[in-house]
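Numbering of ligands and ligand atoms starts at 1, following listing order. Counting begins at 1 with the first residue of the sequence.
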Amino acid sequence: MENKEIKDNKTSENGDKKKVVLSGIRATGNLHLGNYYGALSKFVRMQDDYDCRYFVADLHALTTHPDPKMLHENVKDILAEYLAAGLDPDKNTIYVQSDVPEISEMYLLMNMHVGIGELMRTASFKDKARKALGIHSEGDEIEKEIIGNQTNQRVNAGLLTYPTLMAVDILIHHADLVPVGKDQEQHLELTRRFARRFNSFYKTPYFSEPFNFNFGGEAVKVPGLDGSGKMGKSEGNCIYLIDDEKTLRKKVMRAVTDEGPKEPDSPVSEPIKNLFTLMELVSEPSTLEHFKNAYADCSIRYGDLKKQLAEDILKTTLPIRERILDIRNNDEYISKVVRQGAEKARETAAKTLADVREIMGIRKFY
Ligand code: ADP
Ligand code: TRP
C-alpha cells in the first residue's frame, strides 16, 4: 500500500527500520523458471516490505570464463529480466556488482579469514572443479585430483573463493535476508560462518548473520523437464522466461514421462512428480488436484497434462517476455536504473568497507 508519509524505502509505515534484503544472480545467460521461482519471484514479492538490494553478479560470472563479448549482453539480459518481472527501481536498489568496487576490496580483506579447506569442501566448488577438469570423482578424491592435476586443465582460484565474494556481497550491505534457491544454502551457511569468525577474531559484533527467506515455506527446487534433477542452465533442460510460445509448448510437450500408472494408487515416478511440482507452481490448485486424481485412478493422459502445464506456464511467462523485449531495447532506461542503483549501493558499501579497514587495522598516514 502506498503511504505518502514514508520518506524512503528504508523505513516501514510504523517508522521502524526495514530489514535489509540482498540477492543476486550470475550473468551467465537468460533466466529460466528455476531462477524465477527460486529467486526472482521472491525478489518481487519482497520489494514492498523490505529495504531490497538486487544485483547482477558479473564478477561471479567471470569464474567460468564467459566470452568477453557476451558478458555485457548477459548482464543486460538479467537487468531487463529483473525489471520485466516487476522489480521497481524506485523501490529497490538495482545494480551491477562490478559497479561497486568496494566489493572487490572487501573480498580481498575477507579472504584473509577464509580457509582453503572449507572452500574446497563446498559442494558447488566440487561440481565446478569436476567440470573444469573433466573428471567424475566423488568425496575427498576430488581434492587430491585438483592438487595433483597434471594436465593443462586448471581450477581457477576465483572458483575456489567464490563463496568469499558471495559473503562479501551480502555482508557489505549488512543484509538480514537473502532470498535464494535451495542450492545456495551452503553458501549462506559459509557467509554466516565468516561473519561469526570476523566478529570473534576482532572481538566486535560487527556483522549479523543473514538467512534465506521463503515466506515461511521450504526453499523451492524447480525440476527440469528431462525427468530428473533441477532445472539449470548447464543441465540444458530449461524453460526460459524469454522463450516464445511455440518454443515453450514444444519443450513442455517433449518432457520426459513414463508408461503411465498400471493400477490405482500406484507410486508416482520421478518424471511425473516433476511435472506435478511444476504444476504446483504455475497452475490453480484444482488443476493439480484434477491430474493427481486422474493419476490415482489411472485415467490420466500425459498429453493433456502437458498441454495444460504449457498453458499455465505461458500465463506467467508471456507477459514477462513482452516486457523483456521492450526493456532490452531501451538502453537509456537500463543505464539510468543501474547508475542510480550503483550510487545507492556504493553509499552503504563504502561505509562498511571503511569500518572493516578500520577494524582490521588498515589506516592511512595522510
Ligand atoms: P543455474 O543453476 O541455472 O546456473 P544460478 O546458479 O545462476 O542458476 O541461480 C540463480 C538463482 O536461481 C539462485 O538463487 C538459485 O538458487 C536459483 N535457482 C536456479 N535454479 C533453480 C531451480 N531449479 N530451482 C530453484 N531455484 C533455482
Ligand atoms: N551464488 C549465487 C548463484 O549462483 C549468485 C550470488 C552471488 C548471490 N552473490 C550473491 C546470491 C549474494 C545471493 C546473495 O545464484
Judged by heavy atoms only, the candidate from Leu59, Val56, Asp183, Asp169 nearest atom 9 (N) of ligand 2 is Asp169

Atom 15 (O) of ligand 2: of His187, Gln184, Arg53, the nearest heavy atom sits on Gln184

Nearest non-hydrogen protein atom to atom 1 (N) of ligand 2, with distance, is Tyr162 OH, 2.7 Å

Val180 to ligand 1: N or O pair under 3.5 Å?
no

Quiz item: Between Asp127 and Lys131, does at least one N-O distance fall below 4.0 Å, as a salt bridge requires?
Solution: no

Given 3.5 Å as the limit, does a donor-acceptor pair link the side chain of His173 with the main chain of Ala175, or not? no

All heavy atoms of Ala84 vs all of Ile327, minimum pair found to be N-CD1, 3.6 Å

Val155 and Leu133 have their tightest heavy-atom pair at CG2-CG, 3.8 Å

re atom 19 (C) of ligand 1, the protein heavy-atom contact at minimum distance is Asn35 ND2, 3.3 Å

- prompt: Is there a donor-acceptor pair under 3.5 Å between the side chain of Arg53 and the backbone N or O of Ile94?
  reply: no

The protein heavy atom nearest to atom 15 (C) of ligand 1 is Asp183 OD1, 3.3 Å

Does one side chain, of Asp169 or Gln97, offer a donor that lies under 3.5 Å from an acceptor on the other? yes

Counting heavy atoms under 4.0 Å, the part of Gln97 that contacts ligand 2 is neither

Do Thr63 and Lys128 pair up side chain to side chain, a donor and an acceptor below 3.5 Å, judged on atom types alone?
no

Interatomic distance, CZ@Phe55 vs OH@Tyr82, rounded to 0.5 Å, equals 7.0 Å

Ligand 2 to Val180, heavy atom cutoff 4.0 Å, flagged ligand atoms 11 (C), 13 (C)

Ranked by distance from atom 24 (N) of ligand 1, the top protein heavy atom is Val222 N, 2.7 Å

The answer for which part of Phe55 has a heavy atom under 4.0 Å from ligand 2 is side chain

for atom 7 (O) of ligand 1, nearest protein heavy atom and its distance come out as Lys233 NZ, 3.1 Å

Under 4.0 Å between heavy atoms, the region of Leu165 that gets near ligand 2 turns out to be neither

- Short N/O distance, under 3.5 Å, between Lys221 and ligand 1? no

Checking heavy atoms under 4.0 Å, the part of Glu235 that sits near ligand 1 is neither

Restricting to heavy atoms, the pick from Ala167, Ala27, Ser124, Gly24 nearest atom 11 (C) of ligand 2 would be Gly24

Q. Short N/O distance, under 3.5 Å, between Gln184 and ligand 1?
A. no

Exercise. Are the aromatic rings of His113 and Tyr202 close, with centres under 6.0 Å apart?
Worked result: yes

Closest to atom 2 (O) of ligand 1 by heavy-atom distance, out of Arg26, Lys182, Lys230, is Lys230

Closest to atom 25 (C) of ligand 1 among protein heavy atoms sits Val220 O, 3.2 Å

In terms of heavy-atom contacts, Ile242 and Arg321 come closest through O-NH1, 2.6 Å

Are any of the N/O atoms on Gly181, whether in the backbone or the side chain, positioned under 3.5 angstrom from an N/O atom of ligand 1?
yes

For Lys230 and Glu235 the tightest heavy-atom approach is O-CG, 4.0 Å

- Would you call Lys91 and Asp48 a salt bridge, using N to O less than 4.0 angstrom? yes

Looking at Ser234, Gly34, Pro223, the heavy atom closest to atom 22 (C) of ligand 1 belongs to Gly34

A student checking ligand 2 against Ile170 at a 4.0 Å heavy-atom cut-off should list atoms 12 (C), 14 (C)

- Item | Donor-acceptor pair, side chain of Ser41 and main chain of Tyr36, under 3.5 angstrom | yes

